[in-house]
2 protein chains.
Amino acid sequence: MTRGYHHGDLRAALVRASLDLLAEGGPGAFSVAQVARRLGVSTAAPYRHFPDREHLLSAVAATAARDLAAEVTAAADAAGTDPVDRFAAAGAAYLRFAVRTGAGFLVIFSAELSEVDDQERTAATRALMSGWIDLVTATGDRPMQDSLHLIEEQIALAQGYTALYTQGFFHRSSVPVDEIADRVALGSRRLITGDASAP
Amino acid sequence: MTRGYHHGDLRAALVRASLDLLAEGGPGAFSVAQVARRLGVSTAAPYRHFPDREHLLSAVAATAARDLAAEVTAAADAAGTDPVDRFAAAGAAYLRFAVRTGAGFLVIFSAELSEVDDQERTAATRALMSGWIDLVTATGDRPMQDSLHLIEEQIALAQGYTALYTQGFFHRSSVPVDEIADRVALGSRRLITGDASAP
DNA sequence: GTCTATATATTGATAGAC
DNA sequence: GTCTATCAATATATAGAC
């Protein structure tokens, strides 16, 4: 084991390495010790930057929330100006992000983080949801609770496909992730328009 | 630690106790040692009935598949004779089962089981999917691939809601599981009919 | 701020007594 | 068929040297 002194921003490096672990092996692959090992530092080093495992995971969730918000916004903008197109693109972007990074809503809103006081994370998650609400309200005036339900249903659909895809229900080699992303986009569209007609 | 000789069908008891663990703490709560502890037997005892951890999980998956198939069938029958009603009831039944037991498709079709040779499990999963295909084909003639896609989308939706619900995205105390089940039923209905009109 | 070393717990799995 | 005892890994976390 080549282990040396880490020079630079170890705190940020720990978060990035944690995200890499999640991407490669899912939630079960994450451990403080494994993250340290990957960076070539001692297993004690992370505890200089985070009081415990949960606070590291909270920082990971904050970063994931910011990254996801950026990708969803970019995908919506790339889809043009039609609100339904933008909402559908957001759903597809969520699926791609969650499959690629392993850090979707289940990491960002994980129940074990709910009691971790971390303003960075709460700010990031609030911004994420706020942007998403904007996307859905642009498609039409409706009670706020209806908007929230639409988002919940879209996320449930996208997260469900993500789980089935990453956990091997699909023959992953023969079904490209873009095909699943298209199904999420179509489902999202149907949520708004009430039917299954293509764009 | 009160530990004694187990009298009776330890094999079946191990499977039941495993399901209890999954129900209480999700996949992360399962371990061979914990299952043994719960039954008051030594950690070596399970290895007399299963060669390793994965074969125990495979037996758990087989039982879950049989139980789920029975509940889905019962829910469809209770919904009457209209094929759309029956399909929607199946989706709601899946959500209730997965929330209550922690053993949905992610356990039954877990990737780590794909290389475990277990005829009981493969027979149970085949029967489960076969019954589900019957439910969707009863709603109308369509290419088999379309039927499979409808099931996948329904399961993705239901599994996504299950994950969001069990992992704490919803304020679990204030949202009853039946309300989420109704949303899955409505979404399932929309998959078939192409719109969001209630029954 | 990072190291080495350590304490403690838990895991999956095996050997051998009964 | 179940037990006790044990092994090698791995985990979270801490104490004290540098």
Side-chain angles (χ1 to χ4, degrees), chain A residues 1-22 24-61 102 107 110-113 115-118, chain B residues 1-22 24-61 102 107 110-113 115-118:
Chain A
M1 187 52 173
T2 60
R3 178 186 298 170
Y5 208 95
H6 190 269
H7 298 283
D9 190 351
L10 180 56
R11 189 181 198 279
L14 288 164
V15 173
R16 263 183 284 120
S18 300
L19 286 165
D20 290 347
L21 277 180
L22 288 174
E24 291 163 22
F30 171 84
S31 76
V32 180
Q34 189 63 39
V35 173
R37 225 170 278 130
R38 167 165 301 227
L39 291 173
V41 298
S42 77
T43 61
Y47 292 92
R48 191 58 42 172
H49 299 273
F50 301 97
D52 55 29
R53 171 199 159 97
E54 293 199 333
H55 279 79
L56 170 52
L57 277 176
S58 181
V60 168
V107 167
S110 163
E112 58 185 336
L113 295 183
E115 295 189 354
V116 176
D117 185 40
D118 177 351
Chain B
M1 186 53 172
T2 60
R3 178 184 297 169
Y5 208 95
H6 190 271
H7 298 282
D9 191 348
L10 179 55
R11 189 181 198 279
L14 288 164
V15 172
R16 262 182 285 120
S18 300
L19 285 165
D20 290 346
L21 277 179
L22 288 174
E24 291 163 23
F30 171 85
S31 77
V32 179
Q34 190 62 39
V35 173
R37 224 170 279 131
R38 167 165 299 229
L39 291 174
V41 298
S42 77
T43 62
Y47 292 93
R48 192 57 41 174
H49 298 273
F50 301 97
D52 55 29
R53 172 198 157 97
E54 293 200 332
H55 280 79
L56 170 53
L57 277 176
S58 181
V60 169
V107 166
S110 163
E112 59 185 336
L113 294 183
E115 293 188 355
V116 176
D117 186 39
D118 177 352

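The chains referred to below are lettered A, B, ... by the order of the sequence lines, with proteins before strands, and numbering in each begins at 1.
Atom CG of B:Leu57 is separated from atom C1' of C:dG12 by 12 Å (rounded to the nearest Å). Rounded to whole Å, atom P of D:dG16 lies 13 Å from atom CZ of A:Arg48. Distance A:Gln34 CD to D:dA9 P: 15 Å, rounded to the nearest Å. Atom-to-atom, CZ of A:Phe50 to P of D:dA13 comes out at 13 Å; the value is rounded to the nearest Å. Atom CZ of A:Arg38 and atom P of D:dA11 are 12 Å apart (whole Å). Across the protein-nucleic acid pair, B:Asp9 atom CG and D:dG1 atom C1' stand 13 Å apart, rounded to whole Å. What separates OH of A:Tyr47 from C1' of D:dA11 is a distance of 8 Å, to the nearest Å. The CD atom of B:Glu54 sits 11 Å away from the P atom of C:dG12 (whole-angstrom rounding).
The side chain of B:Val41 approaches D:dC3 more closely than any other nucleotide in the set D:dA11, D:dG16, D:dC3. Of the candidate nucleotides C:dT11, D:dG16, D:dG1, C:dT11 has the atom nearest to the side chain of B:Arg37. Minimum atom distance to the side chain of A:Arg53 is reached by D:dT12, of the listed D:dT12, C:dC3, C:dT14. Comparing D:dA11, C:dC3, D:dC3 against the side chain of B:Ala44 picks out D:dC3 as the nearest. Closest to the side chain of B:Thr43, from the set C:dA13, C:dG12, C:dG16, is C:dA13.
Under the 3.5 Å distance criterion, the side-chain polar atoms of A:Ser18 are matched with a main-chain donor or acceptor of A:Leu14.
Remark: A:Ser42 is not in phosphate contact with C:dT4, judged by side-chain N or O atoms under 4.0 Å from OP1 or OP2.
In this structure, the separation between CZ on B:Arg11 and CZ on B:Arg48 is 14.5 Å, given to the nearest 0.5 Å. The CD atom of A:Gln34 sits 11.5 Å away from atom CG of A:Asp20, with the distance rounded to the nearest 0.5 Å.
Side-chain contact between B:His55 and B:Asp118 is absent, with no heavy-atom pair separated by less than 4.5 Å. A heavy-atom distance below 4.5 Å is found between the side chains of B:Phe30 and B:Leu57.
Comparing B:Ala45 and A:Phe30 by the nucleotide of DNA chain D whose heavy atom lies nearest to each, the residue mapping closer to the 5' end is B:Ala45.
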